[in-house]
Amino acid sequence: MKLAEVVADGFGRVQEVVHGSVEDLDAGQLAWSPAPGANTIAWLVWHLTRVQDDHIAGLMGTEQLWTSQGWLDRFALPFPAADIGYGHRPEDVDAVRVDSADLLTGYYDAVHEATAAWAAGLGEDDLDRIVDDAWDPPVTLGVRLVSVLSDDLQHAGQAAYLRGLVLRDT
């Protein structure tokens with residue numbers, strides 16, 4: 001198996017869980033929280049997509065799709081354009097409201113497509129390239145990819161779990 005195929009498979013799994021987590025849910029279900037201050041499905045999917053968009057665009061040296069494709073305006077959230085959800089307080093989580101799951105999956109699918117197209121050109125030699133020297137040790141491309149996949153899969157799994165709770169209560 002080639003590196004590009006491994007990366008594509010990993011992000012393909014995120015895409016499957018994202019779609020499965022939001023499919024056929026309405027705006028209220030996407031904004032449902034199991035307890036005050038807890039994350040919602042809408043916030044989790046928005047956040048994991050923002051992280052992937054931010055980090056992969058940084059690796060590609062391109063503008064994020066959030067701004068270049070107008071997702072910032074479509075979501076119309078009360079956050080700065082560069083916000084990806086880190087450090088959000090409960091009121092910030094509650095502010096992530098969408099009218100339908102299609103907005104969440106549309107944004108994720110656009111980011112996934114850009115990620116897959118970029119990853120198709122990766123080779124094993126690329127993994128050791130330093131992409132962030134602000135850390136000690138400096139972060140390599142391989143470490144950054146694993147970090148994004150790990151974060152995405154954790155949040156996608158949380159969204160899938162919340163879906164079960166939402167459907168149980170309806």
Side-chain angles (χ1 to χ4, degrees), residues 1 3-59 64-66 71 74-75 77 79 83-119 122 127 131-132 135 139-170:
M1 195 172 200
L3 172 63
E5 294 169 331
V6 172
V7 173
D9 184 71
F11 284 108
R13 290 170 191 241
V14 174
Q15 185 181 39
E16 288 173 16
V17 178
V18 163
H19 277 262
S21 297
V22 303
E23 183 177 68
D24 299 324
L25 296 183
D26 62 31
Q29 291 169 316
L30 293 167
W32 179 85
S33 175
N39 293 333
T40 65
I41 294 170
W43 185 87
L44 287 163
V45 172
W46 170 81
H47 169 63
L48 74 85
T49 308
R50 288 294 298 122
V51 168
Q52 185 175 332
D53 190 9
D54 174 75
H55 287 38
I56 299 298
L59 294 172
Q64 295 175 34
L65 300 183
W66 182 244
W71 294 102
R74 284 181 249 183
F75 275 79
L77 300 175
F79 311 132
D83 194 328
I84 62 173
Y86 282 126
H88 271 192
R89 302 166 309 207
E91 54 270 22
D92 299 321
V93 171
D94 290 343
V96 179
R97 303 269 176 168
V98 295
D99 291 333
S100 77
D102 292 341
L103 186 61
L104 293 165
T105 55
Y107 179 39
Y108 186 80
D109 289 347
V111 171
H112 174 77
E113 185 177 307
T115 301
W118 169 76
L122 291 177
L127 293 176
V131 297
D132 188 348
W135 298 91
V139 177
T140 63
L141 175 68
V143 168
R144 181 60 47 87
L145 284 172
V146 170
S147 175
V148 173
L149 272 170
S150 174
D151 188 68
D152 278 5
L153 286 169
Q154 288 179 62
H155 289 314
Q158 292 164 354
Y161 178 76
L162 283 179
R163 176 188 175 85
L165 294 178
V166 165
L167 294 177
R168 180 196 70 191
D169 285 351
T170 57

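For the numbers below, each heavy atom of this structure counts, side chains included, while hydrogens, waters and symmetry mates do not.
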Enquirer: As an exercise, state the distance from CZ of R97 to CG of L30, rounded to the nearest 0.5 Å.
Expert: 10.0 Å
Enquirer: Give a yes or no on this: more than 12 heavy atoms of other residues, nucleotides or ligands lie within 6.0 Å of atom CG of D9.
Expert: yes
Enquirer: S150 side chain to V146 main-chain N or O, any donor-acceptor pair under 3.5 Å?
Expert: no
Enquirer: Between L104 and V18, is there a side-chain heavy-atom distance shorter than 4.5 Å?
Expert: no
Enquirer: Keeping R163 on the side-chain end and E23 on the backbone end, is there a donor-acceptor pair under 3.5 Å?
Expert: yes
Enquirer: L103 vs W71, test: side-chain contact (heavy atoms from CB on, under 4.5 Å). Steps then yes/no.
Expert: CA-CA 9 Å; L103 186 61; W71 294 102; 3.8 Å; yes
Enquirer: Please evaluate residues F79 and W46 with respect to the criterion ring pair (Phe, Tyr, Trp, His ring centres under 6.0 Å), reporting the C-alpha separation (whole Å), side-chain torsions for both, the decisive distance (0.1 Å), and the verdict.
Expert: CA-CA 12 Å; F79 311 132; W46 170 81; 5.6 Å; yes
Enquirer: Could you walk me through whether L77 and V96 pass the side-chain contact (heavy atoms from CB on, under 4.5 Å) check?
Expert: CA-CA 7 Å; L77 300 175; V96 179; 4.2 Å; yes
Enquirer: Measure the spacing between OH of Y107 and OG1 of T49 and express it to the nearest 0.5 Å.
Expert: 6.5 Å
Enquirer: Test side-chain contact (heavy atoms from CB on, under 4.5 Å) on Y86 and V51; report intermediate values, then the result.
Expert: CA-CA 9 Å; Y86 282 126; V51 168; 3.9 Å; yes
Enquirer: Within this structure, what is the CG-CG distance for the pair N39 and L162, rounded to the nearest 0.5 Å?
Expert: 7.5 Å
Enquirer: Check the pair D109, Q15 against side-chain contact (heavy atoms from CB on, under 4.5 Å), reporting the backbone distance first and the verdict last.
Expert: CA-CA 7 Å; D109 289 347; Q15 185 181 39; 2.9 Å; yes
Enquirer: Identify the heavy atoms of Q29 and D24 that sit nearest to each other, and give their distance.
Expert: OE1-O, 4.0 Å
Enquirer: Got more than 12 heavy atoms from elsewhere within 6.0 Å of CD, E5?
Expert: yes
Enquirer: Minimum heavy-atom separation for V131 and R144, please, with both atom names.
Expert: CG2-CB, 4.1 Å
Enquirer: For A160 versus V17, what's the shortest heavy-atom pair and its separation?
Expert: CB-CG1, 4.2 Å
Enquirer: Can the ring centroids of W118 and F11 be said to lie less than 6.0 angstrom from one another?
Expert: no
Enquirer: Measure across A38 and V93 and return the closest heavy-atom pair with its distance rounded to 0.1 Å.
Expert: O-CG1, 3.9 Å
Enquirer: With heavy-atom distances below 4.5 Å as the criterion, would you say the side chains of V14 and H112 are in contact?
Expert: no
Enquirer: Of the options L141, V143, L149, V148, which is the one that meets L145 in a side chain to side chain contact (heavy atoms under 4.5 Å, CB included)?
Expert: L141
Enquirer: Could you report the tightest heavy-atom contact between S21 and A159, atom names first, then the distance?
Expert: OG-C, 3.7 Å
Enquirer: How long is the span from the NE2 atom in H55 to the CG atom in D152, to the nearest 0.5 Å?
Expert: 9.5 Å
Enquirer: Are any of the side-chain heavy atoms of L25 and L167 separated by less than 4.5 Å?
Expert: yes
Enquirer: Would you say the side chain of W32 lies within less than 4.5 Å of the side chain of L165, judging by non-hydrogen atoms?
Expert: yes
Enquirer: Other residues, nucleotides and ligands only: do more than 12 of their heavy atoms fall within 6.0 Å of CZ on R13?
Expert: no
Enquirer: If I take atom OH from residue Y108 and atom CG from residue L48, how far apart are they, to the nearest 0.5 angstrom?
Expert: 7.0 Å
Enquirer: How many angstroms lie between atom CG of L44 and atom NE2 of H155, to the nearest 0.5 angstrom?
Expert: 6.5 Å
